[in-house]
Amino acid sequence: MKKFIALLLALVLVVGLVACGAKNEPAPAEEKKEETTAPAEEKKEDPAPAEEPAPAEEPAPADDTPVIAFVPKVIGQAWWDYVRTGVEEWAADNGYEVIYKGPTEVDAAAQVQIMTDLVNQGVDILCFSPNDPGACEQICKQAMDAGIIVISTEAATMQNVNFDVEAFDDAGLGGFLMDELAKMMGEEGEYCTMVGSMTMESHNNWADAAVARQQEAYPNMTLVSDQRVSSESDAERAYQLTKELKQKHPDLKGILGTSSFDAPGAARAIDELGLTGQMFAISVALPSETRDYLKSGVLQAVGLWDPAITAKAMLSLALQMYQGVEPATGMDLGVEGYNSVKIDGTLVVGDGSLAITADNVDNFTF
């Protein structure tokens, strides 16, 4: 038995030594293949076909929506708050946003600063009505040099604008006022002209044009010897002048004024003298200051233009220019009174004169 056990242990030992030797013996090296150097032409291999690059995404079209700003003379004042309604209507109708920003007081320097900020922000269109045209020239030049379209109103003498849009020219408004007065007077009788100041160019131009229209179309009307008087842009002064003129010229039948204070002052005198329906007055005037006289019949009409419509015309002109349209006489700005404008240099003139009467005075909030 002992011999058997010893034999068995010896066998186990032999098997263990063989196994260890097999485990530690390195694997035979692979037979090294003979390398040859092929000529360069033969060594090259046809490259695998490159993957075609994925088509580049087409760039999204640039946003061609212009940044538009409208700068009024002042905000918080009835006239310019009314203009704002026109700007907002135009924006809604045409699908654009318009920045409406102005000074809180009639302040030329504050207005120029607002315009400067807008130009620096990179607006594409700048519409405005200057408190002081001369003060706006420099910032408007800077804007135009930057490619901004600049459109003004009530600034026909400005140099650094693309265009200035007006509801009428001097001859148009003067003729319009005379036509309205002639209608009231039955195209006959004596009349006098009244201006805000003897040195106020626009007022005197309107009065000159009115007289020219009378001489051309209404031969039975006569300009009195006191051809022109100045109300000094004061309704109280217009009231006193009307009474003085009537005393001096008993047959005086009409007052053609040009200041917004002339018709209200004259109407007060006509009413006080008991001459409603016998003596007549007209001027450019605000609806709010003449509403009662119009409704009572002391005044039959005053002249004006709709500043909200003018604002729409300005914006439409600017947008057409932005879209590449070259402005020309006869172009249609898409708003009443500006369907066939006249263009002379930078002046764009519509036919926007408007008679404010008892029938439409309540349409206006200024």
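For reference, positions follow the sequence shown, starting with 1.
You'll find the side chain of Pro130 reaches within 4.5 Å of the side chain of Met158, heavy atoms only. Contact check for Val83 versus Pro72: no side-chain heavy atoms found under the 4.5 Å cut-off. Considering only heavy atoms from C-beta on, Val150 comes within 4.5 Å of Phe128 through its side chain. Between Asp251 and Lys253 the shortest side-chain heavy-atom distance does not fall below 4.5 Å. Met279 is listed as a side-chain neighbour of Thr242, based on a closest heavy-atom distance under 4.5 Å.
With sequence neighbours excluded, the residues forming a side-chain contact (heavy atoms from CB on, under 4.5 Å) with Ala182 are Glu187, Tyr218, Met221, listed by chain and number.
A salt bridge links Asp362 to Arg291: at least one charged side-chain nitrogen sits closer than 4.0 Å to a carboxylate oxygen. Looking at Lys141 and Asp145, a side-chain N of the basic residue comes within less than 4.0 Å of a carboxylate O on the acidic one, giving a salt bridge. By the 4.0 Å N-to-carboxylate-O rule, Arg268 lies too far from Asp292 to be salt-bridged with it. Ion pairing between Lys312 and Asp93 fails under the 4.0 Å rule for side-chain N and carboxylate O. A salt bridge does not link Lys248 with Glu244: none of the charged nitrogens is closer than 4.0 Å to a carboxylate oxygen.
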Atom pairs and distances, side-chain donor-acceptor, residues 115-122, under 3.5 Å, sequence neighbours left out:
| unit_1 | atom_1 | unit_2 | atom_2 | d |
| --- | --- | --- | --- | --- |
| Thr116 | OG1 | Val112 | O | 2.8 |
| Asp117 | OD1 | Gln113 | NE2 | 2.9 |
| Asn120 | ND2 | Thr116 | O | 3.3 |

Ignoring hydrogens and angles, write down the donor-acceptor pairs under 3.5 Å from the side chains of residues 297-306, residues two or more places apart or on other chains.
| unit_1 | atom_1 | unit_2 | atom_2 | d |
| --- | --- | --- | --- | --- |
| Gln300 | NE2 | Gly297 | O | 2.7 |
| Asp306 | OD1 | Tyr82 | OH | 3.2 |
| Asp306 | OD1 | Ala308 | N | 3.0 |
| Asp306 | OD1 | Ile309 | N | 3.3 |
| Asp306 | OD2 | Tyr82 | OH | 3.0 |

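For the atom pair Asn204 CG and Thr258 OG1, the distance stands at 7.0 Å (nearest 0.5 Å).
Formation of a donor-acceptor pair under 3.5 Å by the Asp262 side chain with backbone atoms of Ser230 is not found in this model. Side-chain atoms of Gln77 come within 3.5 Å of backbone N or O of Trp80 as a donor-acceptor pair. For Gln320 (side chain) and Leu333 (main-chain N/O), no donor-acceptor pair under 3.5 Å exists by modelled atom type.
Atom CD of Gln278 has more than 12 heavy atoms from other residues, nucleotides or ligands within 6.0 Å. Annotation for Gln323: atom CD counts as buried by contact number, over 12 foreign heavy atoms lying within 6.0 Å.
Donor-acceptor pairing under 3.5 Å is recorded for the side chains of Ser152 and Asp164.
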